[in-house]
Amino acid sequence: MFPPPGPARLVFSTALVVAVVAFTIAVGLIWVDRSTRQQTTDDWRERIRGEATAAAESLNADMRQLSGLADELASELASGDLPVARIEARLEELVAQHPHVFGVGVMFRPYAYAPDRRLHAPYIVKRHGVHRMVRVEDVYDYTEPRHDWYHQGTARSGWLEPFFGQASQAMLALYCTPFRLPEAQRARDAAEADGTVCIDYSIEDVWDLVGALDLGETGYAFVITDQGTFVAHPRREYARQGQNLHDIADQLRDPVLTRLAQRATDLQSGAIAHSNELTGQDSWIFYRPITAPRWSLAVVAFTAEIPLDLGEHKHRQILIAIALIVGASGLIVLLLAYRLDANPALWSGSVAIALLFLVGVVHIWTLEFAEAGRDPPEAVMLIDRAGIESYLDGYGEQARLQRFGDPIRIPTGMFIQAIRFKTAHDFVVTGFAWQRYAVPEHDDLRRGIFFPDAIPEQDVREELFRLREGDSEVIGWYFKTTLHQPFEYSRFPIDIKTLRLRVWHPELARHIVLVPELEAYRLIHPTALPGMEPDFRLPGWQVKRSFFAYRFHDYRSDLGLRGNAKGGEFPELTYNVTLLRNITDAFISNQIPLFVAAVMLFAMLMIDTRETARASLYGFTTSTVLATSAAIFFIILLAHIDVRRRYAAEEIMYLEYFYFITYFTIVAVSINAFMLMALSDNRFFHYRDNLIPKLLFWPLLHGAFLVVTVYVFL
């Protein structure tokens, strides 16, 4: 039922239109936001799935081709088309026709090649990029029981578990198939096979294939056998030590990895979501079978690297909030249209709308606080060893193309004990740092670190220990340094600071890349604050995360060292601490005066009246209002000046807009008092004895807060 014709009907109709339009816009923005994010995520998953499928198919095709070559060679021996005297020449022809073959050989049983020759095993293998002939029997006795590859190869055809080949001096995936010579060429009479033909697929080629996948900055792939043994992994010691995915899943007590191991070893395909409790990283793992050798390829892609436009998402969330607030305000006004003559209803509506605006302000703050959990821009977070290895493999390839040579990796650790802000842009850090140098590979390197952002006369460093641990030397330092880092205060007090401790090695002329020693930390989840004192406190701030990252700094110079890797996109190690300002402290110290001023101004507005009796009772006069407003203005002005002095910001800070709004409110209340007494008849100022300005005070004040909040954070 519509209100009766007149002002109530007009208010109702206008509010209805505003509410419908606003809610429609909100629904549309919600749909656009969700569909855009979902489409981007689906496209990302499909691309990663395609990368995994293509890599598995490529690897499967290579393996099938190699096994086919070995089967063909065995068939030639069995049919007599290949005399034993021509085996070496045939092997040379094969590698000439198929240069991608890492190694191929024919291994005879004892005395199967000739009655007077116990072993014979010509083997052509790639050494330093060139194929060379090797006599396996001169290297070791391959018939000994411990050489499973030979005994399996003479019994049946198939791919063997990867192993380190003594003759090839490389990690190999080996396909072997037995052969039996024709009667005319047999040197002995026996029922079993005369030997085995083996062909090698270098694990280095597997690493090159999976390392070339486009999986983001820190995504990676690995290959396992049907027993769960690693064939290839960014942490290459997994393959070299023969580690097993089942064992790792059991050690970590990770049911998702256990399920992945079971499915992958059963040669299934699919995708599985995984959350690493140790690192806090969420990822998708896509796995595909490589049927020829009965292996599986798994691709790990981190959801943090989904190419979502987080800035656009935040903007849409703010616009959605605005539309919902406008729509809800329209509904409130629509309901008030039925009770325009009832003061309690009008005051309830005024308070409700003011609270809606306040909720909008807080919601936008919440969206801004979510920035504290996002990865740093133009940097690569380093919280997973496999991801670090994957990234550095890619960087090493780029460095070799630019002729910088292979980077020298120095494991480095940090432990922060105390942080104190000295000025608005300088902070003091106290803690420990250590490095691990390989012996004797790094004997020619100078030991040390330094912080390029440190103020020289306030940078103290003292060596605490120098220990030898096996084949490495560990050196630790205590440091207390003052770092200069320009901060932005435009969003104060709703601001997030990332304190960045940049770490360099003193030998700038060498291609040295510092690598975080993650193994030194019990937990490397950023929210677990690795590298921070357990009881760390920083007054006025909440410590949200700590983590290592590679940051790409454009020096715009080669620092006087021609051909220096730092002239390009050099991965500079940084230790980062993300701080979220304690909003309670900030508001108690900065917003309480503004809140008190607003309450006092509203009280002055409430006593504004044209009625002589009430004016005499309240002591209301225009001069009294002006004098009180002037006193409030000077108090707020002094507080404003103190904020500017403390933070020395070059731009206007978010908090300052609240001061500007308060100044405007002071002027508005003063003008209202003057107009109330100066004008003889005015509908706006005189309606129900100044009711309209009183009703509008809190909605307009909070609405102004919402407008400046949207302006700053949108």
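From a predicted model like this one, the values you see are computed outputs, not experimental measurements.
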pair [X]-[Y]: side-chain heavy atoms closer than 4.5 Å:
| X | Y | answer |
| --- | --- | --- |
| Gln542 | Leu579 | no |
| Val513 | Leu573 | no |
| His511 | Ile408 | no |
| Leu501 | Leu483 | yes |
| Ile388 | Pro516 | yes |
| Arg436 | Ile410 | no |
| Phe369 | Leu580 | yes |
| Glu572 | Tyr550 | no |

Could you report the tightest heavy-atom contact between [X] and [Y], atom names first, then the distance?
| X | Y | answer |
| --- | --- | --- |
| Ala52 | Leu297 | O-CD2, 3.4 Å |
| Leu382 | Leu518 | O-CD2, 3.9 Å |
| Ala292 | Met63 | CB-CB, 3.9 Å |
| Cys176 | Gly153 | CB-CA, 3.5 Å |
| Ala273 | Val256 | O-CG1, 3.5 Å |
| Gly448 | Trp477 | CA-CZ2, 3.6 Å |

So how far is it from [X] [atom1] to [Y] [atom2], rounded to the nearest 0.5 Å?
| X | Y | atom1 | atom2 | value |
| --- | --- | --- | --- | --- |
| Phe547 | Thr527 | CZ | OG1 | 12.0 Å |
| Glu312 | Leu310 | CD | CG | 10.5 Å |
| Asp43 | Glu46 | CG | CD | 8.5 Å |
| Thr225 | Leu245 | OG1 | CG | 10.0 Å |
| His246 | Thr229 | NE2 | OG1 | 8.5 Å |
| Arg581 | Arg491 | CZ | CZ | 14.0 Å |

Holding to ring pair (Phe, Tyr, Trp, His ring centres under 6.0 Å), I want the full list of residues that pass it with [X], two or more places apart in sequence or in another chain.
| X | result |
| --- | --- |
| Trp541 | Phe421 |
| His313 | none |
| Trp159 | Tyr175 |
| Tyr238 | Phe230, His233 |

Verify, without hydrogens or angle tests, whether [X] (side chain) and [Y] (backbone) share a donor-acceptor contact under 3.5 angstrom.
| X | Y | value |
| --- | --- | --- |
| Thr40 | Leu308 | no |
| Thr498 | Thr578 | no |
| His131 | Val101 | yes |
| His425 | Phe487 | yes |
| Gln243 | Ile248 | no |
| Arg447 | Leu445 | yes |
| Asp200 | Ala173 | no |
| Thr574 | Ala549 | yes |
| Ser296 | Ala264 | yes |
| Ser58 | Ala54 | no |

(request) Take Arg288 and Glu57 through the salt bridge (charged side-chain N to carboxylate O under 4.0 Å, His left out) test and state the conclusion after the steps. (result) CA-CA 9 Å; Arg288 292 290 183 273; Glu57 291 176 350; over 6 Å; no
(request) List the steps, then state whether side chain to side chain donor-acceptor pair (under 3.5 Å) holds for His274 with Asp254. (result) CA-CA 9 Å; His274 180 239; Asp254 192 326; 2.6 Å; yes
Parallel, tilted or perpendicular for [X] and [Y], by the 30°/60° rule?
| X | Y | answer |
| --- | --- | --- |
| Tyr140 | Trp149 | perpendicular |
| Tyr575 | Phe548 | perpendicular |
| Phe432 | Tyr478 | perpendicular |

(message) Which residue in the set Thr430, Leu499, Val543 passes side chain to side chain contact (heavy atoms under 4.5 Å, CB included) when paired with Ile419?
(response)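 So, applying the side chain to side chain contact (heavy atoms under 4.5 Å, CB included) to Ile419 and each of Thr430, Leu499, Val543, only Leu499 qualifies.
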Please check if any side-chain donor atom of [X] sits under 3.5 Å from a side-chain acceptor atom of [Y], or the reverse.
| X | Y | value |
| --- | --- | --- |
| Asp426 | His484 | yes |
| Gln65 | His100 | yes |
| Gln435 | Tyr437 | yes |
| Gln251 | Asp247 | no |
| Asp42 | Gln38 | yes |

Please determine whether a side-chain nitrogen of the Lys or Arg among [X] and [Y] lies less than 4.0 Å from a carboxylate oxygen of the Asp or Glu.
| X | Y | value |
| --- | --- | --- |
| Asp62 | Arg64 | no |
| Glu488 | Lys497 | no |
| Glu462 | Lys480 | no |

(request) Name all residues meeting the side chain to side chain donor-acceptor pair (under 3.5 Å) criterion together with Arg385; count only those two or more places apart in sequence or in a different chain, and write none if there are none. (result)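 So Arg385 forms a side chain to side chain donor-acceptor pair (under 3.5 Å) with Glu519.
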(request) Go through the steps to decide whether Arg409 and Glu389 satisfy the test salt bridge (charged side-chain N to carboxylate O under 4.0 Å, His left out), and finish with yes or no. (result) CA-CA 11 Å; Arg409 303 183 186 185; Glu389 295 295 334; 2.7 Å; yes
(message) Other residues, nucleotides and ligands only: do more than 12 of their heavy atoms fall within 6.0 Å of CZ on Arg522?
(response)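 At most 12 heavy atoms, drawn from other residues, nucleotides or ligands, come within 6.0 Å of this atom.
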(message) Counting only heavy atoms from other residues, nucleotides and ligands, does the tally under 6.0 Å from CZ of Arg47 exceed 12?
(response)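 Atom CZ in Arg47 is crowded, with more than 12 foreign heavy atoms closer than 6.0 Å.
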(request) Scan residues 257-272 for pairs that pass side-chain hydrogen bond (donor to acceptor under 3.5 Å, both in side chains), counting only residues two or more places apart or in two chains. (result)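 Sorted result for residues 257-272: Arg263-Tyr287.
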(request) Pick out which of Phe451, Phe415, Phe450, Trp434 makes a ring-ring contact (aromatic ring centres under 6.0 Å, His included) with Phe479. (result)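 For Phe479, the ring-ring contact (aromatic ring centres under 6.0 Å, His included) check succeeds only for Phe451.
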(request) Applying salt bridge (charged side-chain N to carboxylate O under 4.0 Å, His left out), run through Asp535 and Arg537 and close with a yes or a no. (result) CA-CA 6 Å; Asp535 297 326; Arg537 294 290 184 273; 5.5 Å; no
